[in-house]
Amino acid sequence: MKIMSWNINSLRLRLPLLTTLLARNRPEIICLQETKVQDTLFPGNDLKTLGYKHLCYKGMKSYNGVCILSTLPFEIPSFNHRWCGKDDCRHIMIRFEYQKNYFHLHNFYVPAGGDVPDPQLNPKFKHKLNFIDEATEWFKLNPQENTILVGDLNIAPLEHDVWNHKQLLNVVSHTPIETNKLLNWMNTGFTDAVRTCILPPEKIYTWWSYRNRDWEKSNRGRRLDHLWISNNLKPSLKAVEIYKEVRNWERPSDHVPITLEIDL
DNA sequence: ATGGTGGGCTACCCA
């Protein structure tokens with residue numbers, strides 16, 4: 001079973017890239033973030049043509065938006081939690097049956113948090129911290145087995161998840177308050193699949209800013225995208241992959257796709 | 001210390 005996560009930064013604009021990607025890799029399930037499309041305009045027929053007949057999506061105009069594309073049928077459990085009291089389309093989950101077992105898959109798009117790393121001065125940063133606190137509480141109250149959690153969590157937790165640890169300690173996405181909160185959230189019952197397969201001090205990045213003349217040469221990346229598995233699935237983990245080459249395709253997203261391979 | 005680019009869409013927007 002292969003599961004992909006990708007912040008696609010506009011699903012409609014990058015449908016051709018997704019098509020190319022899926023011609024080479026055939027994950028059973030794909031989780032996308034920043035689809036930036038409202039549900040009435042969701043390109044469902046195009047995705048079904050690509051072989052992903054089972055779809056769920058939660059989108060809005062211009063911002064955010066998440067979806068899951070699957071070759072396997074699934075259910076959408078009733079889940080009425082409004083994160084931080086908002087309807088801003090940052091989470092979707094499914095339940096699917098595979099080899100006579102049931103699994104849950106969560107797809108998250110955590111708020112980026114703005115520029116100023118101070119919750120008193122910057123409401124976006126406050127929202128980001130509150131969002132993670134709420135998620136942590138929810139997973140504490142609802143301990144998970146047979147669960148996979150993926151998405152753009154907008155935090156690079158470890159020293160070797162950024163191009164320069166010291167220089168980024170006061171930059172949103174790598175401040176100690178965020179990295180501690182992210183690890184606390186993960187410790188509600190999850191294992192970091194990417195870092196289980198690729199150990200520090202090897203650097204891993206999944207995002208490179210658009211604001212560099214040459215992203216590859218400057219290589220100022222961060223690992224903002226994550227693949228977590230509940231601890232009981234750890235023995236089933238096979239491999240992870242970071243599709244760095246996609247950052248060099250024409251009109252790329254600033255994030256690259258990542259996949260998890262697991263023997264469910 | 002600053003500003004750089006890109007997406008959606010016309011907002012002192014978002015990333």
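Proteins come first, then strands; the chains are lettered A, B, ... in the order of their sequence lines, and each starts at number 1.
- A/W163 carries A/R220 over the face of its six-membered ring, with the cationic atom under 6.0 Å from the centre and within 45° of the normal.
- Judged by a 6.0 Å distance limit and a 45° cone about the ring axis, A/R95 is positioned over the six-membered ring of A/Y102.
- A/S62 has no side-chain polar atom (N or O) that falls below the 4.0 Å cut-off from OP1 or OP2 of B/dC14.
- For A/K61, whose side chain is taken as the heavy atoms from C-beta onward, the closest listed nucleotide among B/dT10, B/dC13, B/dA15 is B/dT10.
- For the C1' atom pair drawn from B/dC9 and B/dA15, the interatomic distance equals 15 Å after rounding to whole Å.
- Between the NZ atom of A/K36 and the P atom of B/dC13 there is a distance of 14 Å, given to the nearest Å.
- Distance from the side chain of A/R12 is smallest for B/dC9 among the nucleotides B/dG7, B/dA15, B/dC9.
- Atom CG of A/D214 has more than 12 heavy atoms from other residues, nucleotides or ligands within 6.0 Å.
- Nucleotide B/dC12: unpaired (no Watson-Crick or G-U wobble partner with both distances less than 3.5 Å).
- Using a 4.0 Å heavy-atom criterion, one finds that A/R220 contacts no nucleic acid atom at all.
- Protein atom CG of A/L153 is 16 Å distant from nucleotide atom C1' of B/dA15, rounded to whole Å.
- A/N64 places its CG atom 8 Å from the P atom of B/dA15, with the value rounded to the nearest Å.
- Looking at heavy-atom distances under 4.0 Å, A/R213 makes no contact with the nucleic acid at all.
- A straight line from CD of A/E34 to C1' of B/dC13 spans 13 Å, rounded to a whole angstrom.
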